[in-house]
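Below: one structure, written as structure tokens.
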Amino acid sequence: MGSEDHVAQQEALVEVEEQGESSTPYYLAKFKLYETRSNFYMVGRDKSKRLWRVLKIDRSEPSELVVCEDPTVYSLRECCVLLRRIHEGNRCTGGLKFVTTCYGIVGFIKFLGPYYILLITERRKVGMICGHAIYAISRSKMIPIPHSTMRSSMDNSKNENRYKKLLCTVDITKDFFFSYSYQVMHSLQKNLSSGEMGMMSYDTMFVWNGFLTWEIRNNLGNTLWTVALVHGFFRQVKFSKSGRSFIVTLIARRSRHYAGTRFLKRGVNKKGRAANDVETEQIVFEESPGGRASAISSVVQIRGSIPLFWSQATSRLNIKPDIILSYEDPNYEATQLHFQNLVARYGNPIIILNLIKKQEKKPRESILHAEFVKAVAFINSGLTKENRLKFQTLDLHRIFRLKGTKVFMLLNKVAANALDQTGFFHCQDLPYVKSGGSFNWSSLDAEHGNDPNDTSDFQAAKPSSLQSGVLRTNCIDCLDRTNVAQYAYGFVALGHQLHALGITDASEIDVDDPLAYKLMGLYEAMGDTLSLQYGGSAAHNKIFSERRGQWKAATQSQEFIRTLQRYLSNAYMDAMKQDAINLFLGHFQPEVGRPALWELDSGQHHNIGSLSPSFSEDIARSMLRRSLSDGNIIFQSSTPLALTPSDVRSEGNSDHPLPDIAVDNMGLSESQPIISTSERDMTLPSETGIAHSRYDPSMSARQLFMDIPEGQSLGGGYFSEPEDECDSSDIVDLDGISSSGNSFEEETFDRSSLVSSPSASSYGHALKDVAVEGRVHGGHNSPEYSDKFVQWVEHGSTWMH
């Protein structure tokens with residue numbers, strides 16, 4: 001279809017579409033991309049089809065990004081007139097041509113040649129949260145920006161094409177999700193409790209395309225054209241209990257900080273960011289006849305690698321490489337930073353459920369266990385008793401071997417105890433506005449068509465209960481055992497949530513209730529997804545399988561296949577996956593004349609290039625703010641979370657109890673690119689403009705649309721010391737309890753009767769369809785593998801067909 005026919009078809013719909021009434025706030029949800037020889041024109045509209053905006057991208061610059069936004073808000077008729085005039089002004093060079101329909105910009109990226117724009121060309125709705133649609137990506141497209149006549153020989157170089165293929169291995173059509181109107185990167189409690197008004201949050205730890213969108217967001221000062229992608233898991237299902245149906249939404253948000261693959265990202269980095277850091281939220285609500293929820297509940301728990309400096313070397317000969325524990329941090333400063341961040345995000349108490357082995361013939365996990373206990377005891381020695389970390393250890397492998405599936409009874413008791421301490425979020429009267437049943441979310445501000453001072457349609461949420469504190473679960477990989485424990489916590493929480501919503505009379509659900517098995521399937525699906533992302537295979541679900549009564553031989557066969565897939569992925573694929581993640585997140589930025597990404601070891605990525613002092617000093621405060629306030633649980637505190645630890649302590653705030661730690665002036669957040677292969681210093685955008693980028697917000701419409709013939713006008717307008725330093729009353733060993741007696745039914749779980757573990761001093765110092773190319777270890781290219789082999793290793797499908 002030609003451009004004139006396309007515009008004519010648009011104009012034919014004007015009379016019908018202009019009669020539509022808007023029932024949702026103003027955000028752009030659908031876009032059409034057009035091109036001339038010199039520019040791209042992106043036309044976006046809101047959901048009601050009443051408000052239209054135009055973005056122009058210059059195609060005459062071979063290596064720079066020049067983006068201009070028309071400040072005018074058009075009607076459909078006015079927008080059609082504008083496009084027709086642009087077409088008339090470019091007839092001599094081919095006119096205006098329609099390129100594609102899209103649903104948001106994922107970002108812009110530059111390798112060695114031109115800039116590319118990443119677009120969502122197909123989407124699918126995966127759920128609704130209180131009337132707000134959540135989407136996943138079905139298809140995407142990467143389009144070079146400069147016109148073909150402006151491109152250099154570098155554009156089709158071998159390395160340029162390799163970088164493009166590498167980026168496409170981060171398949172955004174799998175396990176990424178977004179929303180135009182709901183801050184899906186935040187918990188329900190934060191969204192409902194926060195009174196702040198602002199744009200969609202991109203600088204939080206759970207948004208993965210912050211780097212890709214940084215230039216356009218910084219230039220335009222809004223997020224109308226981009227979508228914030230969250231990586232992890234999203235699933236929404238309908239369950240029933242006592243003749244009443246309700247919706248359970250399970251969300252897993254993977255942190256972009258210290259992100260990567262199993263053996264290449266272990267433990268914690270110097271900024272307190274843990275590997276495999278995932279926040280899990282379970283939302284429950286009952287649909288009313290009108291399709292909207294009158295009450296809703298949510299609970300949050302987290303998982304993350306043991307926050308110590310430790311590693312394992314990838315090996316093709318050893319399926320279980322040795323654990324290497326580093327003692328470079330004798331005062332556990334990074335560990336303290338990690339838990340300090342958790343307190344700032346979730347409040348107190350922080351409950352640690354440690355599932356690793358304590359005793360082994362050949363010490364591996366037990367080395368980490370002893371050091372973790374020592375670290376927690378060291379941190380607790382500087383905290384008041386009420387603010388200490390609550391450490392509980394349970395050797396899940398040993399207990400399952402001795403007790404079988406009755407291990408769930410112990411896990412349920414541990415979960416119930418943790419839930420009693422943290423509570424959960426419950427809101428009985430949701431704040432709906434107007435007839436559409438939409439929340440007045442903080443993301444919908446004046447930039448999106450709402451007056452932030454106008455609260456006539458908004459009624460603040462009045463939650464019946466809030467969650468304060470969080471349960472943090474870990475094993476070695478934070479995949480298999482951790483997922484079993486997280487299911488137990490979700491199962492116990494579900495009983496309390498249903499009771500709070502009035503669906504059940506009691507707050508407990510029988511372990512043999514069909515609902516327990518349905519929820520188990522939901523957590524099993526989440527575990528498989530997270531395990532594929534970090535570990536390279538689906539999760540080991542031996543405990544779940546035996547709980548269902550699955551044939552033992554079939555379970556063993558399945559476990560063997562998944563072990564093999566995980567080993568092959570870790571040994572042969574992880575290096576390339578890590579390179580792709582570093583490229584996507586902006587941790588590595590290619591540059592002509594500098595070593596290519598695949599020529600470096602993974603450890604070198606963070607040692608090449610550095611931010612200039614001027615850049616680091618100016619962003620340190622904002623980076624620190626993000627690191628201390630990225631979290632999603634709002635808890636009561638009179639002190640803003642943006643304050644540094646020393647600020648909080650100096651003001652006598654007990655909600656931030658962890659001791660002061662020296663903060664690197666480079667900032668605590670990895671939200672900005674930290675790798676540059678250039679030797680030149682980076683400078684602030686505000687001082688010299690963004691590298692390869694220009695924007696003039698003061699451009700007039702005539703300057704913006706130079707393609708329009710002269711004489712034609714445009715319409716439209718327009719955040720006390722402990723008693724004993726070695727006191728370990730908050731470090732609890734649950735194995736002693738679980739191994740006493742013959743059954744869990746006979747055991748009690750009263751905190752006052754728990755047996756304390758030995759004091760710390762006794763532990764001593766002990767994009768897809770891309771052929772695989774790249775390296776396994778630094779600097780060495782691996783042979784290319786067949787597509788079927790790669791698909792089998794990465795996704796667990798049958799190899800032979």
Side-chain angles (χ1 to χ4, degrees), residues 1-20 22 26-61 65-105 117 119 143 145 147 216 219-226 447-449 694-718:
M1 180 184 296
S3 177
E4 293 188 62
D5 294 337
H6 189 83
V7 174
Q9 184 184 52
Q10 292 284 83
E11 290 178 330
L13 298 175
V14 169
E15 296 300 330
V16 175
E17 293 184 342
E18 286 188 342
Q19 295 175 3
S22 174
Y26 170 31
Y27 55 84
L28 302 182
K30 189 173 183 179
F31 308 84
K32 291 185 183 295
L33 184 67
Y34 300 87
E35 66 173 353
T36 64
R37 184 186 179 91
S38 57
N39 295 296
F40 276 119
Y41 293 93
M42 178 169 282
V43 179
R45 65 162 175 82
D46 70 334
K47 188 175 181 180
S48 67
K49 304 179 183 179
R50 297 180 63 187
L51 304 174
W52 299 72
R53 297 292 296 271
V54 179
L55 184 73
K56 186 177 81 168
I57 306 171
D58 191 350
R59 304 186 69 196
S60 63
E61 294 289 346
L65 179 62
V66 183
V67 179
C68 303
E69 181 184 48
D70 183 1
T72 306
V73 179
Y74 294 98
S75 67
L76 176 57
R77 183 184 297 279
E78 291 168 339
C79 193
C80 290
V81 171
L82 173 64
L83 294 177
R84 186 172 293 279
R85 289 173 179 171
I86 294 174
H87 175 70
E88 294 294 333
N90 287 270
R91 276 190 179 277
C92 61
T93 56
L96 183 71
K97 300 176 182 178
F98 174 72
V99 178
T100 186
T101 297
C102 57
Y103 297 92
I105 298 175
I117 183 173
L119 301 173
I143 302 174
I145 291 177
H147 190 268
I216 182 173
N219 285 345
L220 303 183
N222 64 54
T223 59
L224 283 173
W225 305 92
T226 58
E447 182 64 47
H448 293 147
R694 297 200 307 268
Y695 172 65
D696 184 359
S698 62
M699 297 178 72
S700 65
R702 173 58 59 191
Q703 290 174 305
L704 187 64
F705 301 113
M706 296 296 291
D707 299 334
I708 299 179
E710 291 290 335
Q712 295 190 19
S713 62
L714 303 178
Y718 200 60

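Please read all numbers here as calculations on a predicted model, not as lab measurements.
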Partner residues of Arg59 under the side-chain hydrogen bond (donor to acceptor under 3.5 Å, both in side chains) criterion, sequence neighbours left out: Glu35
Atom pair CD1/CD1 of Ile117 and Ile105 - distance to nearest 0.5 Å: 4.0 Å
Under 4.5 Å between any side-chain heavy atoms of Thr72 and Glu78, yes or no? no
For Asn90 and Ser38, which heavy atoms make the closest approach, and how far apart are they? OD1-OG, 4.4 Å
Note, Thr101 side chain near Lys30 side chain (heavy atom, < 4.5 Å): yes
Hey, can you tell me if Tyr34 and Phe98 have their rings parallel, tilted or perpendicular (30° and 60° cut-offs)? perpendicular
According to salt bridge (Lys or Arg N to Asp or Glu O under 4.0 Å), who are the partners of Arg37, at least two apart in sequence or on a separate chain? none
How close do Trp52 and Ser75 get, counting heavy atoms only, and between which atoms? CD1-C, 3.6 Å
Reported CZ-to-CG distance for the pair Arg53 and Asn222, which is rounded to 0.5 angstrom: 7.0 Å
Who pairs with Ser60 by side-chain hydrogen bond (donor to acceptor under 3.5 Å, both in side chains), at least two apart in sequence or on another chain? Asp58
Distance (rounded to the nearest 0.5 Å) between Leu119 CG and Thr100 OG1: 7.0 Å
Taking Val54's backbone N and O only, do any of them form a donor-acceptor pair with Asp70's side chain (distance below 3.5 Å, no angle check)? no
Can you tell if the side chain of Leu33 reaches within under 4.5 Å of the side chain of Ile143, non-hydrogen atoms only? yes
Say you draw a straight line from CG of Leu224 to OH of Tyr27; how long is it, rounded to the nearest 0.5 Å? 12.0 Å
Below 4.5 Å, heavy atoms only, C-beta onward: do Val67 and Leu55 meet side chain to side chain? yes
Main chain of Gly95, side chain of His87: is a donor-acceptor contact present, judged purely on distance under 3.5 Å? no
Using modelled atom types and a 3.5 Å cut-off, is there a donor and acceptor pairing between side-chain atoms of Asn39 and backbone atoms of Tyr41? no
Exercise: identify the closest heavy-atom pair between Trp225 and Glu69: NE1-OE2, 2.8 Å
Atom pair CZ/CG of Arg77 and Leu82 - distance to nearest 0.5 Å: 14.5 Å
How would you list, by chain and number, every residue that makes a ring pair (Phe, Tyr, Trp, His ring centres under 6.0 Å) with Phe40, sequence neighbours excluded? none
Taking atom CD1 of Ile86 and atom OG1 of Thr36, what is their separation to the nearest 0.5 Å? 8.0 Å
